[in-house]
Protein chains: 2
Amino acid sequence: MSRASDHAYAEIRSLILSGDAPPGSPLREEQLADLCGVSRTPVRDALRRLEAELYVVRSESQRTFVADWSREDVEEMFALRAMLEAHAARRAAERMTDDRLAELQSCNRAIETAVSKAKPDVVAFLNRNREFHGSIIEGASSPRLLATLATLVEQPIVRRTAMHYGREELEQSASEHRELLKAFAARDGEWAHAVMTGHIRRAFHAFTARSDQESEAR
Amino acid sequence: MSRASDHAYAEIRSLILSGDAPPGSPLREEQLADLCGVSRTPVRDALRRLEAELYVVRSESQRTFVADWSREDVEEMFALRAMLEAHAARRAAERMTDDRLAELQSCNRAIETAVSKAKPDVVAFLNRNREFHGSIIEGASSPRLLATLATLVEQPIVRRTAMHYGREELEQSASEHRELLKAFAARDGEWAHAVMTGHIRRAFHAFTARSDQESEAR
DNA sequence: GAGAGATGTAATGTATACAAAATGGAAGCG
DNA sequence: CGCTTCCATTTTGTATACATTACATCTCTC
């Protein structure tokens with residue numbers, strides 16, 4: 001897409017992900033326009049995209065706010081993600097090519113490298129992890145599914161989960177990916193489905209445990 | 001939402017659903033603006049919404065076209081819908097209130113009335129059917145799920161499926177709804193899940209059979 | 001003093017003009 | 001004769017000004 005609109009999208013998204021614009025805080029078009037150095041038109045465009053991707057919500061009076069996810073929302077999001085990604089994993093296993101398998105293996109090696117460092121490289125983990133899951137969805141060869149998933153997988157919550165991962169959880173994640181690769185190598189759809197379900201469910205509980213811990217700290 | 005933007009949305013959507021703008025045909029902003037009697041700004045807004053709801057697609061050069069669903073796309077859409085609505089049905093059954101149950105029963109009575117007429121009232125069927133499914137999704141009490149589903153359920157394909165239903169298929173659909181109501185009355189999540197899965201799968205096969213038939217006719 | 005209504009302020013919605021980009025066709029070249 | 005390149009035209013992107021709507025505060029009445 002065009003420059004100004006893309007720039008506004010990236011800028012606002014990063015505001016949200018960094019926490020500079022915390023959940024529930026209002027987003028005024030003119031303020032964002034000034035911040036990005038563009039006019040309101042591309043900002044409105046960016047906000048629409050962010051709304052479709054559930055980063056922001058609009059009140060009935062059309063004011064925009066950073067999305068605030070309740071515990072139930074998060075639970076439901078993980079449940080949906082588990083269903084959808086497990087479905088994608090099954091389809092991907094049934095359609096697995098040698099090329100894609102090699103790509104996935106190489107991707108997970110990069111994840112393991114990022115994790116095994118003295119100070120785990122969480123940003124690299126996140127990027128490679130997204131690449132890994134994205135490649136599986138691609139391998140399911142259903143573009144509509146892909147579009148639907150992309151809006152769920154790329155949620156702030158997911159990123160925050162991993163941002164707070166400890167080494168143990170990061171290694172667990174990479175190990176689950178290895179299991180998934182075995183299922184793919186065997187072209188076993190049911191196996192891949194089951195492993196992916198477990199992978200997402202574990203991530204859910206890691207998130208819940210972490211946020212309970214944070215609540216206590218307060 | 002505001003008047004002009006809403007109007008443009010409704011107008012363009014109806015262009016697509018009616019078939020006046022067939023799949024693959026280009027949608028030019030200025031032309032649509034003239035048609036709706038508004039400026040390009042609200043038209044752009046409407047197109048963005050329609051894009052998020054998969055009614056239209058944008059080429060890499062940002063031109064907009066009416067979405068063209070391949071057979072695989074349709075198959076995948078139904079598979080996702082089955083998963084998601086069955087999930088919603090399970091949750092709804094587990095949370096079913098007497099009020100909602102009564103509402104659903106009344107809704108399905110309206111469907112049966114529409115179906116049993118000498119000349120089945122397909123438009124009424126469609127509206128009530130959407131109400132029925134919408135109420136179930138609401139009863140699942142997970143707003144994010146609802147938003148995701150709405151984009152899938154309201155697809156042109158779904159509408160066209162029913163538009164081509166014969167009396168037998170319409171009655172079958174109403175009868176499946178009755179079965180679903182029994183599962184809800186029993187607050188049996190698993191039962192509701194199973195019935196809903198069958199309901200959507202049958203709709204899928206009704207659609208495939210119908211479109212195969214149309215292909216032959218050509 | 002409390003509540004309802006009005007009014008000013010601040011936000012979003014819309015229209016229009018201009019800028020940039022892409023497409024398609026024509027002309028020139030091999 | 002086919003291909004490429006360039007230019008005209010069409011289409012979308014952006015900025016800005018103005019209109020409209022929502023919100024908050026203030027005042028007036030009970």
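None of these values were measured; they are calculated from a predicted model. Naming: A, B, ... by sequence-line order, numbering from 1 per chain. The figures here come from the full heavy-atom set of this structure, side chains too, leaving out hydrogens, waters and symmetry mates.
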How many whole angstroms separate atom CG of B:D45 from atom C1' of C:dA15?
14 Å
Ignoring the backbone of A:R63, work out which of C:dT16, D:dT14, C:dA11 is nearest its side chain.
C:dA11
In whole angstrom, what separates B:L47's CG from C:dT14's P?
14 Å
Indicate, with a heavy-atom threshold strictly under 4.0 Å, whether A:R40 touches base, sugar-phosphate, or nothing.
base
Taking 4.0 angstrom as the limit, do A:R40 and A:D45 come out as a salt bridge?
no
Can you tell which of A:H177, A:E103, A:R128 makes a side-chain hydrogen bond (donor to acceptor under 3.5 Å, both in side chains) with A:N108?
A:H177
With a cut-off of less than 4.0 Å, is there a side-chain N or O of A:R3 near OP1 or OP2 of D:dG13?
no
Please state how far atom CZ in B:F65 lies from atom C1' in D:dT12, giving the value in whole angstrom units.
12 Å
Rounded to the nearest Å, what distance is computed from the NE2 atom of residue B:H7 to the P atom of nucleotide C:dT14?
12 Å
Any base atoms under 4.0 Å from B:L27, or only sugar-phosphate, or nothing? Heavy atoms, all strands.
sugar-phosphate
Closest to the side chain of A:S61, out of D:dA22, C:dA11, D:dT14, is D:dA22
Round to the nearest Å and state the distance from A:E29 atom CD to D:dT16 atom C1'.
14 Å
Should A:R58 be listed as having a side-chain N or O under 4.0 Å from OP1 or OP2 of C:dG13?
yes
Expressed in angstrom and rounded to an integer, what is the separation of B:D34 atom CG from D:dT12 atom P?
12 Å
Spacing of A:D6 atom CG relative to C:dA21 atom P, expressed in whole Å:
13 Å
B:E176 bridged to B:R202 by N-O distance under 4.0 Å:
yes
When you measure from the side-chain N and O atoms of B:Q62 to the phosphate of D:dT11, is any distance below 4.0 Å, counting only OP1 and OP2?
no
Rounded to whole angstroms, how far apart are CZ on A:R44 and P on C:dA11?
15 Å
Does either side chain, that of B:E85 or that of B:H193, offer a donor lying less than 3.5 Å from an acceptor on the other one?
no
Think A:R48 has a side-chain N or O under 4.0 angstrom from the OP1 or OP2 of C:dT12?
no
Between B:T41 and B:E30, name the one whose nearest nucleotide on DNA chain D is closer to the 5' end.
B:E30
B:E138 and B:H133 side chains, donor-acceptor separation under 3.5 Å
no
